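What follows is a short report on a single structure.
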Amino acid sequence: MILEIINKKRLGQELSEEELKKIFNGYLNGEVADYQMSSLLMAICINGMSDEEIFSLTKIFIESGETLDFSNIPGIKVDKHSTGGIGDKTTLVIAPIVASLNIPVIKMSGRGLGYTGGTIDKLESIPGYRIDLNDQEIQKQVEEIGIVITGQTSNLVPMDKKIYALRDVTATVSSIPLIAASIMSKKIASGADKILIDIKVGKGALLQTMEEAEKLKDIMIKIGKFYNKEVRCMMSDMNVPLGRCIGNSLEVWEAMEVLQGREKDTNLGKLCYELAAEMVSMGLNVSKEEAMEKVKTNIENGLAYQKFVELVHHQQGKLEGIQFSKNQYQIKSPQTGVLTDINALELGKLSLLLGAGKENIEDVIDYTVGIYLHKLIGQEVSQGETLATLYYQNTLPDINIDNIFTITEKNV
Ligand code: URA
């Protein structure tokens with residue numbers, strides 16, 4: 001039976017909900033082997049899935065664990081998810097802005113995947129910060145301060161946890177049906193009323209083209225309709241990293257900068273304002289323009305930053321304990337010109353070599369290492385000027401500057 005199911009998908013045929021249940025539930029309870037599931041996942045990657053199959057798969061994922069219910073908390077709960085990017089610390093900025101406008105935020109975040117860092121890893125760079133709140137603690141904290149950012153509770157979509165780990169090591173991550181079921185199941189199971197998805201497109205993202213991103217957007221909106229949840233999607237560029245910092249404690253520091261009204265004009269600053277305004281528009285049922293005014297006001301009057309500090313404090317984090325490695329190396333520009341490209345993927349790889357993420361499951365993250373970009377795209381640089389500082393621990397990895405930075409001679 002299992003072989004027949006795999007074979008059917010290999011031939012590009014549609015699987016029924018019963019067949020999907022049989023193989024996926026069988027995998028979760030250990031009756032289906034890793035190699036069988038890997039084979040099915042690859043067949044899905046190559047042959048895709050119909051909308052019906054994706055709806056069924058999402059349902060099977062949701063039903064694999066608990067479904068949280070926060071309907072007793074007043075207000076529209078808007079959740080946000082990013083498909084993953086390099087230097088993406090937007091959740092750390094947006095969640096406190098939205099909560100400072102009295103929209104309840106319950107954010108269950110994940111760890112890094114591949115070259116992309118995860119919100120939970122970044123928060124763990126704050127000594128003491130608890131990422132393991134249980135359902136009762138989440139409920140209590142939202143009632144008290146209107147915001148929680150924690151790890152996914154252990155029984156939230158266990159199917160996704162198991163399948164994701166397998167996808168990560170079988171080159172089956174970049175599949176639109178699998179991404180859609182993975183993300184939407186977690187958002188629906190965690191009790192969101194409305195969902196905003198930041199779909200990253202480009203060299204440093206899971207999806208490389210706008211066409212793929214549009215397909216993912218369409219199916220996520222359809223899944224949302226099926227569950228009666230409004231879903232909005234924003235496409236954002238991931239050819240270049242987001243902001244100046246890559247690496248856990250550096251990214252927390254940069255998020256605090258944006259929350260205090262600095263770095264407004266970087267790609268990070270602009271994206272944070274856009275995403276926050278979209279969430280506020282959904283949460284308060286107001287226009288995006290009105291929402292954007294509210295976002296700007298709460299950054300300028302300090303309430304958004306105050307909410308971040310309150311959040312960290314409530315989850316027992318000590319901001320004053322954040323550490324940055326003392327070993328620093330400056331990458332200098334080999335020539336004079338204009339910085340026309342910064343390769344997100346190469347920087348993602350470099351940050352892994354520095355130890356900011358995990359290459360293997362058993363690796364331990366070094367929160368103090370990372371990359372700070374002094375120069376951003378479009379800026380002029382002189383020969384010998386610092387382009388970036390690397391924060392490293394013991395040994396400096398080999399760096400090929402030409403793979404990372406493109407400097408073009410200035411037209412005179
Ligand atoms: N983020 C997820 O949570 N799941 C995916 O499959 C891809 C990105």
Side-chain angles (χ1 to χ4, degrees), residues 20 24 27-28 37-38 40-42 44-45 48-49 53-55 57-62 64-65 68 79-91 106-122 131 149-192 195-209 212-220 223-224 229 231 233-236 238 242 275 344-345 348 357-358:
L20 287 166
F24 277 89
Y27 182 60
L28 190 60
M37 183 48 80
S38 307
L40 178 75
L41 293 174
M42 189 54 84
I44 292 174
C45 269
M49 280 182 138
E53 285 176 298
I54 301 175
F55 295 153
L57 191 61
T58 308
K59 183 162 169 265
I60 294 166
F61 270 46
I62 295 172
S64 71
L68 304 177
D79 203 350
K80 170 253 170 196
H81 195 92
S82 156
T83 57
I86 295 169
D88 185 353
K89 68 283 287 175
T90 51
T91 293
I106 304 156
K107 183 83 187 81
M108 285 176 214
S109 292
R111 295 197 178 276
L113 311 166
Y115 300 118
T116 67
T119 302
I120 285 305
D121 299 324
K122 295 172 213 232
I131 52 104
I149 310 182
T150 183
Q152 284 143 21
T153 52
S154 58
N155 200 23
L156 192 90
V157 197
M159 183 80 78
D160 183 60
K161 291 191 181 80
K162 192 159 181 196
I163 294 288
Y164 202 96
L166 189 62
R167 285 168 63 204
D168 207 18
V169 292
T170 52
T172 53
V173 172
S174 298
S175 150
I176 290 169
L178 297 177
I179 298 174
S182 161
I183 293 180
M184 293 304 292
S185 59
K186 284 178 287 198
K187 298 293 102 178
I188 291 162
S190 52
I195 301 157
L196 174 63
I197 313 279
D198 177 15
I199 303 179
K200 304 276 183 214
V201 193
K203 287 196 277 268
L206 296 183
L207 304 181
Q208 312 289 306
T209 65
E212 290 172 301
E214 285 292 341
K215 277 196 193 146
L216 181 62
K217 172 180 166 181
D218 288 349
I219 188 68
M220 297 231 205
I223 299 173
K229 311 239 180 234
V231 175
C233 295
M234 273 180 59
M235 313 291 188
S236 62
M238 194 25 78
L242 257 187
L275 288 169
L345 181 59
K358 290 188 182 192

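Read the numbers this way: they start at 1 and go in the same order the structure lists the ligands and their atoms. Being a predicted model, the structure only gives us computed values, none of them experimental.
- Put simply, the side chain of Ser82 does not reach to within 4.5 Å of the side chain of Thr91, judged on heavy atoms.
- Contact of the Ser190 side chain with the Asp79 side chain is registered, since non-hydrogen atoms from C-beta on lie closer than 4.5 Å.
- Of all protein heavy atoms, the one lying nearest to atom 4 (N) of ligand 1 is Ser182 OG, 2.7 Å.
- Using a 4.5 Å cut-off on side-chain heavy atoms (C-beta onward), Ile197 and Leu216 make no contact.
- Looking at Thr90 and Asp88, their side chains do bring a donor and an acceptor atom within 3.5 Å of each other.
- Among protein heavy atoms, the minimum distance from atom 1 (N) of ligand 1 is reached at His81 NE2, 3.4 Å.
- Atoms of ligand 1 lying under 4.0 Å from any heavy atom of Thr83, numbered from 1 in the order shown and given with element: 8 (C).
- The number of heavy-atom neighbours closer than 6.0 Å to NZ of Lys215, taken from other residues, nucleotides and ligands shown, is 12 or below.
- Of all heavy-atom pairs between Lys162 and Leu28, the closest is NZ-O, 3.9 Å.
- Below 4.0 Å from some heavy atom of Ile183 lie the following atoms of ligand 1, by number and element: 1 (N), 2 (C), 3 (O), 4 (N).
- Nearest to atom 7 (C) of ligand 1 among the protein's heavy atoms is Leu206 CD1, 3.5 Å.
- Selection from Lys187, Met184, Arg167 by nearest heavy atom to atom 6 (O) of ligand 1 gives Arg167.
- Of all atoms in ligand 1, numbered sequentially from 1 with element shown, those under 4.0 Å from a heavy atom of Lys186 are 2 (C), 3 (O), 4 (N).
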